[in-house]
Structures are given as structure tokens and as C-alpha cells.
Amino acid sequence: QVQLEESGGGLVQAGGFLRLSCAASERIFSSYTKGWFRQAPGKEREFVASITRNSGSTGYSKDVKGRFTISRDNAQNTVYLQMNSLKPEDTAVYYCAANQEVGLRFVALDYDYWGQGTQVTVSS
């Protein structure tokens with residue numbers, strides 16, 4: 001069964017940084033569009049960032065653009081989310097996802113595979 005596993009979450013002070021990783025169990029994921037989403041308590045899951053299979057294109061939500069960077073290493077079947085200048089409002093469970101279609105995807109329903117999530121907590 002195809003699996004995605006996130007890691008790297010934790011507790012950090014405002015202004016700090018974290019790097020999330022998402023490892024895929026299947027080599028085929030190197031050809032998939034990847035995305036990061038987040039869900040805060042009481043809120044809907046929201047798009048954070050997306051990257052195409054060859055890293056040719058990336059996309060970000062307005063809330064994180066300029067602070068977060070998505071990247072991938074297809075040889076390692078891993079996608080990353082570097083999060084800088086973290087704010088308390090970035091606190092959420094962060095999920096990685098994979099989509100087998102070509103091109104960036106910004107909507108959760110477009111993704112076929114999901115990880116279990118990793119908690120990110122930013123204290124003020």
C-alpha cells in the first residue's frame with residue numbers, strides 16, 4: 001500500500017523555523033505532483049504549497065509565500081517544506097499529499113494520497 005510519512009514537526013517560538021519532510025514508500029511518487037496542506041483546530045484543511053514532479057513549478061498560499069519553501073528530492077522520494085519566520089497562526093497539523101496528474105494542484109480534493117500529518121506549534 002502506498003504511504004506518505006511526514007516528520008519534522010514540533011514546538012518552536014515565533015520567528016523560528018522548522019523543516020518538514022515527507023517520505024514516500026513507492027518510487028512512483030517521484031513522478032507525482034506533491035503538496036502540503038495544514039489544518040488548525042476548528043478549521044478546514046487549507047492549501048499551503050505545491051510542487052510539480054520535476055520541481056519546475058511551485059505554488060504557495062498568500063499566507064506563507066515568502067516564508068515557506070517547498071522542494072523535493074526525487075532520488076530520495078522525499079518532499080520538504082522549509083518554514084521560516086514562523087507565526088503563532090501557522091500552528092496546525094501539516095499534511096503532505098500526492099497527485100498523479102501533471103501540474104500544480106491547490107485543492108485538497110485533487111490529491112489522491114495523504115500522510116497522517118505532523119503537528120507544528122508556534123508559541124508567541
Side-chain angles (χ1 to χ4, degrees):
Q1 184 176 352
V2 173
Q3 290 184 332
L4 299 173
E5 185 173 0
E6 304 93 339
S7 61
L11 174 64
V12 64
Q13 289 187 335
F17 62 92
L18 284 173
R19 188 194 196 203
L20 304 184
S21 299
C22 175
S25 62
E26 298 287 338
R27 186 73 181 176
I28 192 172
F29 276 129
S30 64
S31 66
Y32 284 23
T33 290
K34 299 289 181 60
W36 286 96
F37 288 75
R38 67 186 183 186
Q39 188 166 16
K43 295 187 177 181
E44 294 186 354
R45 191 168 298 189
E46 65 175 8
F47 169 77
V48 175
S50 179
I51 186 168
T52 53
R53 58 185 178 181
N54 60 359
S55 302
S57 297
T58 57
Y60 300 91
S61 71
K62 293 180 181 179
D63 290 340
V64 307
K65 192 172 185 178
R67 299 188 297 122
F68 291 10
T69 302
I70 188 171
S71 62
R72 65 191 295 165
D73 182 343
N74 287 339
Q76 299 295 324
N77 286 352
T78 302
V79 63
Y80 305 97
L81 185 68
Q82 178 68 40
M83 306 186 295
N84 298 330
S85 302
L86 282 162
K87 304 175 182 180
E89 49 264 44
D90 293 319
T91 295
V93 177
Y94 283 71
Y95 299 89
C96 71
N99 180 294
Q100 60 185 332
E101 301 295 329
V102 174
L104 296 175
R105 293 290 185 269
F106 307 104
V107 179
L109 288 176
D110 287 341
Y111 286 82
D112 306 301
Y113 303 98
W114 291 85
Q116 294 299 309
T118 185
Q119 177 69 47
V120 171
T121 303
V122 184
S123 63
S124 59

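Starting from 1, each residue takes its place in the sequence as its number.
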Polar side-chain atom of Arg53 near backbone of Asn74 as donor-acceptor pair, under 3.5 Å: no
Nearest heavy atoms of Ser71 and Val79, plus distance in Å: O-CG2, 3.1 Å
Closest non-hydrogen atom pair, Pro88 against Ala14: CD-CB, 4.1 Å
Joint hydrophobic cluster, Trp36 plus Val120, side-chain heavy atoms closer than 4.5 Å: yes
Same cluster (ILVMFWY, side-chain, under 4.5 Å), Tyr95 and Tyr111: yes
Salt bridge (charged side-chain N to carboxylate O under 4.0 Å, His left out) contacts in which one or both residues fall within residues 75-93, not counting sequence neighbours: Arg38-Asp90, Arg67-Asp90
Val93 backbone acceptor or donor facing Thr118 side chain under 3.5 Å: no
Cluster check Ile70, Leu20: I/L/V/M/F/W/Y, side chain < 4.5 angstrom: yes
Partner of Phe68 by side-chain contact (heavy atoms from CB on, under 4.5 Å), out of Leu86, Leu18, Asp63: Leu86
Lys34 NZ to Thr78 OG1 distance, which is reported to the nearest 0.5 Å: 7.5 Å
Pairs touching residues 40-63 that satisfy ring-ring contact (aromatic ring centres under 6.0 Å, His included), sequence neighbours left out: Phe37-Phe47, Phe47-Phe106
ILVMFWY cluster, Leu104 and Trp114 together (side-chain gap under 4.5 Å): yes
Any donor-acceptor pair under 3.5 Å from Thr33 side chain to Gly103 backbone: yes
Nearest-0.5 Å distance that lies between atom CD in Glu44 and atom CD in Gln39: 8.0 Å
Heavy atoms of other groups near Gln119 CD, more than 12 under 6.0 Å: yes
Euclidean distance, Cys22 SG relative to Asn77 CG, rounded to 0.5 Å: 10.0 Å
Closest non-hydrogen atom pair, Ser30 against Arg72: O-NH2, 3.3 Å
Aromatic plane relationship, Tyr113 with Phe29 - under 30° parallel, 30 to 60° tilted, over 60° perpendicular: perpendicular
Ile51-Tyr32 co-clustered via ILVMFWY side chain contacts under 4.5 Å: no
Heavy-atom closest contact (Leu4 atom, Ala24 atom, distance): CD2-CB, 3.7 Å
Glu6 side chain vs Gly117 backbone, donor-acceptor pair below 3.5 Å: yes
Chi angles and distances behind the side-chain contact (heavy atoms from CB on, under 4.5 Å) call for Tyr80, Asp73: CA-CA 8 Å; Tyr80 305 97; Asp73 182 343; 4.1 Å; yes
Under 3.5 Å: donor-acceptor pair, side chain of Ser25, backbone of Gln3: yes
Thr91 (side chain) donor-acceptor with Val122 (main chain) under 3.5 angstrom: yes
